[in-house]
*Asks:* 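This is the structure, below, for whatever I ask next.
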Amino acid sequence: MRIAAAAGPGGGGTLRTLAEDGTPAAPARAVPDLVAAIADQERAAAPRWVWPSTARLYPRLLDAGVRVARCHDLELVESLLLGHAGRYGEPRSVAAAWARLRGEPVPPDRPPDEPAPQPSLFDDDPERDAPADDIGRIVAVHAAQQRAIAGLDGFALLAAAESAGALVAAEMRRDGLPWSAAEHDALLTELLGPRPTGGLRPRRLQDLADRISAAFAPSSGPHTHVNPDSPAQILKAFASAGLPIPSTRAHVLKRIDHPAVPLLLEYKELSRLHTAHGWAWLDTWVSGGRLRPEYVVGGVVSGRWATSGGGALQIPRVLRRAVVADPGWALVVADAAQLEPRVLAALAGDRAFADAAAHGDLYAALSDAFHDDGAGGLDARGKAKLALLSAMYGGGTGEAVQLLAVLKRRFPDAFEYVEAAARAGENGRLVRSRLGRTCPPPSAGWRELTSAGDDSGRGTAAQALRSRGRFTRNFVVQATAADWALALLGSLRRRLTVLQPPPTAIQGSSSARRPAGGTASAAPGAPRLVFFQHDEVIVHTPAGLAAEVTAAVHAAADEARRLLFGDTPVAFPMEIAVVGRYADAK
DNA sequence: TGGGCCGGCGCG
DNA sequence: AAAGCGCGCCGGCCCA
């Protein structure tokens, strides 16, 4: 069963029960307290909730202690359908979708940084005149989406997985990643020196900066300051020292012999930590022992999540020691091993490749196709890995050229799969993930540039062609990996709910301040998904449930494999560690 | 002073 | 000859 929910003024709203295909199954009914009504229905029927935007509505339900099992997020699904139709980026609001259905002018979406005139729904101030959701439009747009989805293989699963992802993202933000500010501060102090006051550099960084200027003094002059934060100044300083370099990237610096190099490398590393994840970051994003970043579901074209604050997907490995389970709790850290090449094996149906991917270390299994020439350079496993990465990313220079040839000979179907995706991209066509997530079409500028007929293989037109080829080549793999990860996440979330102790039902609450119950309402002592990073999840769980959580992760990974690839022989093993702190996971 | 681009590097 | 995929965020730097 599905129920459409529309926010009305003053915390009220409208519900309407729907059949699976979106046909109304009962009249719409107004409810005075939408949160309470949703909680009641969730308890009674656990429907799939049909609403405009989980990101906007669900946090308020969570505030009231209400969790729901399933939803259909109209905006996210609209985005997916538009993308599939080659209309990437068109407005996705219910109002826009409704206008498209009626052939009327389509209103633009609100820029994401502009706060919505906050719905009415859950609004504390009933006096405020915010526009309410329109239940009629919601029902009509949903029905149209269901008709479209029914004609697209895999899309029903994609829509459900994307919507479940939105629920998880909101819940993870609310629950937060356990984060020890004390550990974080201790690490910063250990590496950088005490926290400085006013915008000063920490002691250790200032010391390095001074020594860097000194190291350049013989060529740049004794009184010249070289700001290590300025690539331009560094380039100039090296040029003065007779060492012209194309950039100040770490791998370039490592190749030259100059006393400033080790200082610069150390400075870069520490400065990065200080500016990106230092004390200011700690103050901003960690509170109450939890990191609460803003996740953006579907924020990457491939279906990966992005963040719009908190940098949760770029947390440096050294900081993992600050991620500490609560006393009596544990972190179940689970990582999909070699996900993308396994996805390629399953996508391509390459028999030889799939057999190699059936278990264990994929690269090692492939390595007998490559030979180990002893001394120096890559071993056979390293060659296998480089060949695969080159195939999936569109690289292939130097040694990789030979390795790609080996890959092509031994695993022709896998090789051809990504080659075909690259050709499609170069021809301006669209490519799709397993479940139907679709890459954006090329821009008008790209079409103009590449239609000029320059087939010399050189010049900007050829570069643009190859660039799009690399993009679509990678898209099919990365986006299908994202499909798999979303399916895993949804499955795991459902399985964790079952592990939770039965919720304590609280009857008749109509206040947003009191927990309003709900089938999967917040229960202390329940395992929670607290982190998701492309191919890795962390569950924070009472230590006594860690074994069950581990089993749930394995089961979810297998379910995701089955949902995407049916009876493929390719395995998707999870590497799982039960630890007290994230840093101990591997 | 604020916006936007760039170099560089963190994560996958 | 050189080049691989996807992000977010920071400081420097240029410009209005």
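Because only heavy atoms are used, hydrogens play no part in the values below, and waters and symmetry mates are left out as well, while side chains stay in.
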*Asks:* Show your working on side chain to side chain donor-acceptor pair (under 3.5 Å) between Thr307(A) and Glu294(A) and close with a plain yes or no.
*Replies:* CA-CA 5 Å; Thr307(A) 52; Glu294(A) 291 164 18; over 6 Å; no
*Asks:* Could you check which residues of residues 248-257 of chain A get a heavy atom under 4.0 Å from DNA chain B? Sort them by number, please.
*Replies:*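 The answer is Thr248(A), Arg249(A), Ala250(A).
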*Asks:* How does each nucleotide of nucleotides 7-16 of chain C score, in 5' to 3' order, for protein heavy atoms under 4.0 Å: base (B), sugar-phosphate only (S), or none (-)?
*Replies:* SBBSSSS---
*Asks:* First contact, last contact: which nucleotides of DNA chain B are these for chain A, 5' to 3', heavy-atom distance under 4.0 Å?
*Replies:*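 In short, chain A contacts DNA chain B from dG7(B) to dG12(B).
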*Asks:* Would you call Glu190(A)-Arg195(A) a salt bridge at under 4.0 Å N-O?
*Replies:*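 Salt bridge flag = no for Arg195(A) with Glu190(A).
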*Asks:* Taking atom NE2 of His223(A) as the centre, report whether more than 12 heavy atoms of other residues, nucleotides or ligands fall under 6.0 Å from it.
*Replies:* no
*Asks:* So, for Val553(A) and Ala334(A), which heavy atoms are closest and what is the spacing to 0.1 Å?
*Replies:*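 Closest pair (atom of Val553(A), atom of Ala334(A), distance): CG1-CB, 3.6 Å.
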*Asks:* Who pairs with Glu269(A) by salt bridge (Lys or Arg N to Asp or Glu O under 4.0 Å), at least two apart in sequence or on another chain?
*Replies:* none
*Asks:* How is Arg473(A) classified with respect to the nucleic acid when contacts are heavy atoms under 4.0 Å: base, sugar-phosphate, or nothing?
*Replies:* nothing
*Asks:* Base, sugar-phosphate alone, or nothing: which one does Gln478(A) contact when heavy atoms must sit under 4.0 Å apart?
*Replies:*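 Contact class for Gln478(A): base.
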*Asks:* Where each pair must be Watson-Crick or G-U wobble with both distances under 3.5 Å, what dot-bracket representation of DNA chain C is obtained, with crossing pairs in [ ] and other-strand partners as |?
*Replies:* ....||||||||||||
*Asks:* Do the side-chain N and O atoms of Tyr267(A) and Arg204(A) include a donor-acceptor pair separated by under 3.5 angstrom?
*Replies:*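 Note: Tyr267(A) and Arg204(A) side chains miss the donor-acceptor criterion.
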*Asks:* Among residues two or more places apart or on two chains, list those pairs meeting ring pair (Phe, Tyr, Trp, His ring centres under 6.0 Å) that have a residue in residues 172-214 of chain A.
*Replies:*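 Sorted pair list: Trp179(A)-His184(A), Trp179(A)-Trp281(A), His184(A)-Trp281(A).
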*Asks:* Starting from the C-alpha separation in whole Å, work towards a yes-or-no answer on salt bridge (charged side-chain N to carboxylate O under 4.0 Å, His left out) for Arg56(A) and Glu75(A).
*Replies:* CA-CA 11 Å; Arg56(A) 287 202 303 278; Glu75(A) 290 188 4; 3.0 Å; yes
*Asks:* Indicate the atoms forming the closest heavy-atom contact of Gly349(A) with Asp413(A), along with that distance.
*Replies:*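 Shortest heavy-atom contact: O-OD2, 4.3 Å.
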*Asks:* Would you indicate whether the side-chain heavy atoms of Ile576(A) and His554(A) approach each other to under 4.5 Å?
*Replies:* yes
